[in-house]
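Each residue takes its place number in the sequence, starting with 1.
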Amino acid sequence: MWGFDTLKKVQTSAQFTGVVVTAEGHILTAAHVNQPGNTYLINFPDRKSYIARGLGEIEFTENKIFPDVAMMKIIEKGVWPYAEMAWSSSLKIDEPCLSIAYPETLNQTLPTIRFGRITDLKNHYGFIQSTCKMEPGDSGGPLFDHFGRVIALHSAIGIAEDENYEIPVDLYRKYWTALNIPKTYGILPSGEDDVSRDPHQSTILSIPALKNPQSGFTSLPIQLKESCLRISTIIKGKEQQVNGTLFSLSAGVVGKDNVNSLVISKNSLIGDHPVLLVQNKSIALKVIARDYENDLVLLQPLTTVKGGISLKQFSKDSLAFEKMGKFLISPLPDQSNQISIIGSMYFKSPKRFSIGYLGAMATLKGSNIVIAAVQAGSPAAVSGIEVGDQVVSVNGIDINKPEDYGTELTKLWPYDQLSFKIKRLDNFYSKNLTLDVFKVSLTNHPAEQFAGGKSIRRDGFTQVFSHDAKVKPEECGGPVFDIKNRFCGINIARSSRTTTLAIPTVVILRLIENYFINQPHI
């Protein structure tokens with residue numbers, strides 16, 4: 001959902017989320033994304049779009065972030081799909097819950113799912129708290145109970161990933177009549193509706209074990225647990241570590257060059273002299289192949305390493321997802337397993353934040369593409385590119401219009417080499433430089449301050465799925481399993497506060513098979 005000018009047909013606000021709760025088209029959302037009387041574009045998961053109008057909202061005059069209650073309604077008459085409203089008064093501590101919302105960083109047409117538990121029934125702000133992670137774009141999205149009913153709406157977050165504030169759904173029930181009037185209430189409306197009682201109150205679950213879900217998933221065989229190993233490597237002169245996934249070839253099967261095990265990791269975090277750290281030993285790794293598109297690297301241990309995921313077994317398994325919301329296990333070396341749920345089906349992740357950083361903007365001037373701005377300290381500035389330079393070519397490709405310039409630059413990754421041919425006055429110059437990491441403006445928003453932060457290379461993948469594990473950037477490269485111990489993929493990036501992305505098995509298998517192209521029995 002977003003604000004929408006119906007005359008100019010343009011978006012007028014940031015993206016947010018809502019949930020339809022009546023067949024007539026009433027939508028519950030948050031007041032901080034709503035303006036009474038304004039129009040909004042409603043995008044359903046089936047890609048059909050409709051216009052809704054902002055109705056009533058409650059935001060206190062002395063502090064507008066409370067209680068953050070708002071309602072909209074679809075303008076077109078129809079019978080709309082809707083979710084049942086529950087009663088927040090019947091919630092319990094440690095009750096399981098699900099978030100279904102649209103995190104802004106993914107920019108996808110389908111929502112993602114996150115799992116958690118209720119941690120506070122009414123904090124000092126009047127909000128419910130849950131461990132279902134949120135970020136911008138999720139505001140106004142629904143929190144569901146284990147019956148599939150709406151129990152709260154997303155409002156705000158703290159810095160800790162488990163600190164997520166929810167608007168109690170009973171506030172919408174209590175002020176339903178008032179909220180159908182398009183106005184802002186600076187205090188709670190005087191008229192109240194009957195909230196009634198929850199018919200399922202006696203059957204609401206409370207599961208204290210959800211405080212430590214890792215303890216409930218101890219069935220991962222030791223061979224699979226130990227398939228996640230640490231790798232030490234040198235990048236830009238500095239030693240760092242990242243996870244890798246160990247694969248074993250079946251007994252009696254020997255691959256190319258007598259390879260009996262393989263390791264796959266995150267390519268952008270594997271530099272020079274990679275070393276596998278196994279049981280207080282260091283085993284040198286040879287880089288066999290790099291898949292830049294999927295940020296994967298295939299490595300060969302130069303000494304025999306026991307264990308790992310059986311390549312023969314996982315290549316024969318039907319490893320397709322059955323359902324979103326199913327539990328996953330991400331083993332980590334010398335740590336408890338990370339437990340998560342499948343948040344999406346497979347999707348393509350366009351390159352947005354992982355482009356190589358140049359630091360020079362270009363514009364059309366007459367019939368030429370001319371540098372309009374150069375950021376101080378950027379690769380462009382260091383190489384001597386100046387405002388007013390005409391861009392003739394980039395990496396040998398002629399630049400004739402602004403989109404040519406953008407197209408060529410978005411093909412490149414951080415640390416890629418770039419050759420610029422420019423014209424300054426009547427002279428031609430060649431500028432050779434190395435792109436840097438894209439500089440994202442840091443903000444004080446809690447969504448940017450979670451432990452570990454985001455991966456530098458976190459998008460631009462051909463096929464991924466999302467889950468809600470708390471995987472840190474340096475913990476990427478390790479495997480993901482389902483609770484049936486089936487290999488599901490490799491964690492490739494911490495995309496945002498809400499999302500870890502994983503490369504599915506089909507892509508992993510393709511990388512291995514490309515190496516063993518002459519080994520059809522593998």
Side-chain angles (χ1 to χ4, degrees), residues 1-59 64-65 67-85 98-114 132-144 150-157 164-167 169 171-172 179-180 182-184 343-344 347 445 447 466 496-499:
M1 301 169 60
W2 50 76
F4 191 73
D5 187 320
T6 56
L7 295 178
K8 296 181 180 178
K9 307 295 183 184
V10 294
Q11 182 174 338
T12 59
S13 79
Q15 172 187 311
F16 60 95
T17 307
V19 58
V20 182
V21 294
T22 70
E24 294 77 31
H26 290 90
I27 297 170
L28 306 187
T29 189
H32 71 266
V33 297
N34 172 76
Q35 183 65 41
N38 282 11
T39 51
Y40 297 87
L41 189 67
I42 309 303
N43 301 282
F44 280 96
D46 63 3
R47 297 176 181 255
K48 293 181 180 179
S49 299
Y50 302 91
I51 300 297
R53 190 177 303 279
L55 296 178
E57 63 181 18
I58 309 172
E59 53 180 28
K64 293 183 180 297
I65 67 173
D68 208 17
V69 173
M71 185 184 291
M72 299 178 180
K73 189 176 182 183
I74 301 173
I75 293 174
E76 183 177 329
K77 300 294 183 182
V79 179
W80 303 101
Y82 67 94
E84 180 185 356
M85 294 170 63
L98 283 171
S99 163
I100 302 180
Y102 291 84
E104 190 174 57
T105 54
L106 286 185
N107 196 30
Q108 294 293 311
T109 58
L110 296 177
T112 62
I113 303 174
R114 284 143 264 167
C132 287
K133 296 194 288 292
M134 292 186 252
E135 67 172 72
D138 292 328
S139 292
L143 190 72
F144 293 94
V150 179
I151 54 177
L153 287 302
H154 300 332
S155 177
I157 61 175
N164 303 278
Y165 301 116
E166 316 277 1
I167 310 160
V169 75
L171 287 175
Y172 298 85
L179 289 171
N180 270 273
K183 64 178 289 187
T184 297
S344 74
F347 64 92
H445 196 288
S466 72
S496 66
R497 186 179 190 267
T498 66
T499 306

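Here OG1 of T39 is found 6.5 Å from CZ of R53. Values are rounded to the nearest 0.5 Å. Distance check, rounded to the nearest 0.5 Å: OG1 of T22 to CH2 of W80 gives 11.0 Å. For the atom pair CD1 of I65 and OH of Y165, the computed distance is 9.5 Å after rounding to the nearest 0.5 Å. One distance of note links CD1 of I74 with CD1 of I51; it measures 10.5 Å at 0.5 Å rounding. One distance of note links CZ of R114 with OG1 of T498; it measures 4.5 Å at 0.5 Å rounding. Rounded to the nearest 0.5 Å, atoms CD (E166) and CD1 (I151) are 7.5 Å apart.
The side-chain contact (heavy atoms from CB on, under 4.5 Å) with W2 is formed by just one residue from the set I42, T12, L41; it is L41. Exactly one residue among E104, H32, H154 makes a side-chain hydrogen bond (donor to acceptor under 3.5 Å, both in side chains) with S139. That residue is H32. Among H26, K73, M71, the one residue that satisfies the side-chain contact (heavy atoms from CB on, under 4.5 Å) test with L179 is M71.
Considering every non-hydrogen atom in both S13 and G3, the closest pair reads OG-N, 2.6 Å. I27 and A52 make their closest contact through CD1-CB, 4.2 Å (heavy atoms, listed as atom of the first residue, atom of the second, distance). A83 and V150 get closest at one heavy-atom pair: CB-CG2, 3.8 Å.
Residues T184 and E59 meet the side-chain proximity criterion, which asks for heavy atoms closer than 4.5 Å. Here the side chains of N34 and F16 are not in contact, with every heavy-atom distance at 4.5 Å or above. In this structure the side chain of V33 never reaches within 4.5 angstrom of the side chain of M1, judged on heavy atoms. Side-chain contact between P103 and T112: present, with at least one pair of heavy atoms (C-beta onward) separated by less than 4.5 Å. When side chains are defined from C-beta on, Q108 does not count as touching S344, because their heavy atoms never get closer than 4.5 Å. Contact check for Y172 versus I167: side-chain heavy atoms found under the 4.5 Å cut-off. I100 has its side chain within reach of P111: a pair of non-hydrogen atoms, C-beta onward, lies under 4.5 Å apart.
Residues E135 and T105 have side chains that bring a donor and an acceptor to within less than 3.5 angstrom of each other. Between the side chains of N43 and S49, at least one donor N or O sits under 3.5 Å from an acceptor N or O.
Within 6.0 Å of CZ in F347 there are more than 12 heavy atoms belonging to other residues, nucleotides or ligands.
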Note to self: Let's go through T499 and K133 carefully: what are the C-alpha distance in whole Å and the side-chain angles of both, what is the deciding distance for side chain to side chain contact (heavy atoms under 4.5 Å, CB included) to 0.1 Å, and is it a yes or a no?
What the structure shows: CA-CA 9 Å; T499 306; K133 296 194 288 292; over 6 Å; no
Check: Do L143 and C132 pass the side chain to side chain contact (heavy atoms under 4.5 Å, CB included) test, and can you show the C-alpha distance, the side-chain angles, and the key distance before you say yes or no?
Finding: CA-CA 8 Å; L143 190 72; C132 287; 3.8 Å; yes
Note to self: Before you tell me yes or no, could you show the steps for S155 and D68 under side chain to side chain donor-acceptor pair (under 3.5 Å), namely the whole-Å CA-CA distance, both residues' side-chain angles and the distance that decides it to 0.1 Å?
What the structure shows: CA-CA 7 Å; S155 177; D68 208 17; 2.7 Å; yes
